[in-house]
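Proteins come first, then strands; the chains are lettered A, B, ... in the order of their sequence lines, and each starts at number 1. All values below come from the heavy atoms of this structure, side chains included, with hydrogens, waters and symmetry mates left out.
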There are 2 protein chains.
Amino acid sequence: MPKETFFNLREKKRKEIIDACFEEFALHDYQNASISRIVKKLGIAKGSIYQYFDNKRDLYHYLIEYSSRKRYEQIEELFEQEKDFFELIVKNFYMKVKFDIDYPVLSGFQYNLLKERNTEELGNIQKDIKVQIFKMIKEMIRKHQPDYNLRDDVDIDIMTFMVMQVQIGIYDFLEINRQVDFRENVKNKKPVFSISEEDIMNIIKGFTELLKNGIASTKG
Amino acid sequence: MPKETFFNLREKKRKEIIDACFEEFALHDYQNASISRIVKKLGIAKGSIYQYFDNKRDLYHYLIEYSSRKRYEQIEELFEQEKDFFELIVKNFYMKVKFDIDYPVLSGFQYNLLKERNTEELGNIQKDIKVQIFKMIKEMIRKHQPDYNLRDDVDIDIMTFMVMQVQIGIYDFLEINRQVDFRENVKNKKPVFSISEEDIMNIIKGFTELLKNGIASTKG
DNA sequence: AAAAATTATGACCAGGTAGTCATTTTTTTG
DNA sequence: CAAAAAAATGACTACCTGGTCATAATTTTT
């Protein structure tokens, strides 16, 4: 948790600090993100950061909490809607794109977060995040299984993971397949999804269709 | 490329060095892997490493090349077999498990490699690796599409990525869902797949079935 | 055995890091 | 306006890194 001093800052300065930190942690992993670089970019003294946060880890956890909240604000409406499961999947993909366009740097930060390694200092943070996402999706599947014709002959954990893996993987797809340079985008504060809307539509539809019916041309 | 001196070493010592390096790079990402720690563990002088390799990057690339070769030795037979596509998928999963059991540390190294970040020094190495895997799978799909009833109404790139994502993701599945502690396993040189064979079987079958027919209970 | 070539060594360098804290500056309070 | 409280500062510490290179030890060649 940040110290009181941090919350006493006027909004504008607090925002500047948050932005600079997100940028640093979106371009570098935890260990290689540098407090020295952050203060340099902000033009403040190094000691100041430690007036606001206990240490680097404290700062990082605050960023995680902050970005998760922002993301959740955008998707919470999803869970209240009584829609077909696959419509929800599509909707969630869209939300991801929207989040990326609204907050490109946060989006990059979260992309990085999911690749964070298990270390002594931080623990297995990417796992913890993924477990959270996993639980949400699993709950969604459980809810929709009886009514919306989801299979019940395959372990629900495996189904859940499959859905999650495809959703999480879309950034990697763009990187591998659409020559999207995610790092460059963060630098320029451009969205990762800086490709045509039509292309995005087709990708989302494609993945959802495959999730639904598989890659075999006949069922059996 | 390692220097000549490295290949002049007697087999045993060379093996010890390789092992120690793999362990270090399986436990830490590139930036945080430490040459100092490696030489300390080996009980040799720091300068010696630089008699063998130009620099850290050179060493890392050698490890990548080495582990890829080992992995490829195991799977090359797959591509010659004229089997049903989904049998190949299952077989490839098994090969992955086998590789992990035969070379647990290399396996951990490769897991880490796929999470390597895009940096100034290394470039986007995980992307390059994934592009390679992607191409292989795409080629397999293209080959099997007409004969083995793979869909042709969805972009082949999307299909390819889906297959890859599931194959690559199995480690994460175990971490999230089977409480496998991958880092601990590397430390103890135990395979990541340290769960029952029956469980592994079911997971592989489950994923393959979902890839094939999707998560919806009726096609349409 | 002597000379030459190869290999191993580790003190050392320059450069980076997170975090500290006595001091100064700014803001708030009385 | 003065006193008190809060916030900002940046030199400093301790520690780490990758990499160098003159020197020493070892091995190979003559």
*Separation of A:Ile49 CD1 from A:Ile44 CD1 (nearest 0.5 Å)*: 4.5 Å

*Specify the separation, in whole Å, of atom CD of A:Gln31 and atom P of C:dA18.*
10 Å

*Bend angle of the helix from C:dA1-D:dT30 to C:dG30-D:dC1 from five-pair axes at both ends, rounded to 10°?*
0°

*Can the ring centroids of B:Tyr103 and B:Phe22 be said to lie less than 6.0 angstrom from one another?*
no

*Round to the nearest Å and state the distance from B:Ile49 atom CD1 to C:dG10 atom C1'.*
14 Å

*Take the protein atom CD of A:Gln51 and the nucleotide atom C1' of C:dG19, then report the distance between them rounded to whole Å.*
12 Å

*asked:* Between B:Lys91 and B:Glu87, does any side-chain N to carboxylate O distance fall below 4.0 Å?
replied: no

*Whole-Å distance between C:dG16 P and A:Ile38 CD1?*
16 Å

*asked:* Expected output is a numbered-order residue list: members of residues 9-30 of chain A with a heavy atom under 4.0 Å from any atom of DNA chain D. What is it?
replied: A:Leu9, A:Lys13

_Can you tell me how far apart NZ (B:Lys115) and CD (A:Glu116) are? Round to the nearest 0.5 Å._
10.0 Å

*DNA chain C: B:Thr5 or B:Lys46, which has the more 5' nearest nucleotide?*
B:Thr5

_Working to the nearest 0.5 angstrom, can you tell me the gap between A:Met95 CE and A:Gln167 CD?_
12.0 Å

*With sugar-phosphate meaning primed atoms plus P, OP1 and OP2, does B:Phe6 contact a base, only sugar-phosphate, or nothing at under 4.0 Å between heavy atoms?*
nothing

_What contact category does B:Phe53 fall into here, base, sugar-phosphate, or nothing, at under 4.0 angstrom with non-hydrogen atoms?_
nothing

*Quick one: does B:Glu24's side chain have a donor or acceptor within less than 3.5 Å of a partner on B:Ile35's backbone?*
no

*Grab the NZ-P distance between A:Lys40 and C:dT17 for me, whole Å please.*
8 Å

*Give A:Ser36 one of three labels, base, sugar-phosphate or nothing, depending on what nucleic acid heavy atoms sit under 4.0 Å from its own.*
sugar-phosphate

_Using only atom types and a distance under 3.5 Å, with no angle test, would you say the side chain of B:Gln110 pairs donor to acceptor with the backbone of B:Ser67?_
yes

*For the rings on B:Tyr171 and B:Phe182, is their centre-to-centre separation under 6.0 Å?*
no

*Sidechain-backbone polar pair: A:Asn188 side chain, A:Glu184 backbone, donor-acceptor under 3.5 Å*: yes

*Between C:dT26 atom P and A:Ile44 atom CD1, what is the distance in whole Å?*
16 Å

_Does any part of the side chain of B:Ile125, heavy atoms only, come nearer than 4.5 Å to the side chain of B:His61, both counted from C-beta?_
yes

*Look at B:Tyr50 and C:dT9 and indicate whether a side-chain polar atom (N or O) is within less than 4.0 Å of OP1 or OP2.*
no

*Could you tell me from which nucleotide to which nucleotide of DNA chain D, 5' to 3', there is an atom under 4.0 Å from chain A heavy atoms?*
D:dA7 to D:dG10

*Separation of atom CZ in A:Arg37 from atom P in C:dG15, rounded to whole Å*: 16 Å

*So, do A:Lys70 and A:Phe99 sit near enough that their side-chain heavy atoms are less than 4.5 Å apart?*
yes

*Centroid-to-centroid, B:Phe6 to B:Phe53, below 6.0 Å?*
yes

_Output the rounded distance in Å from CD (B:Glu4) to P (C:dA5)._
15 Å

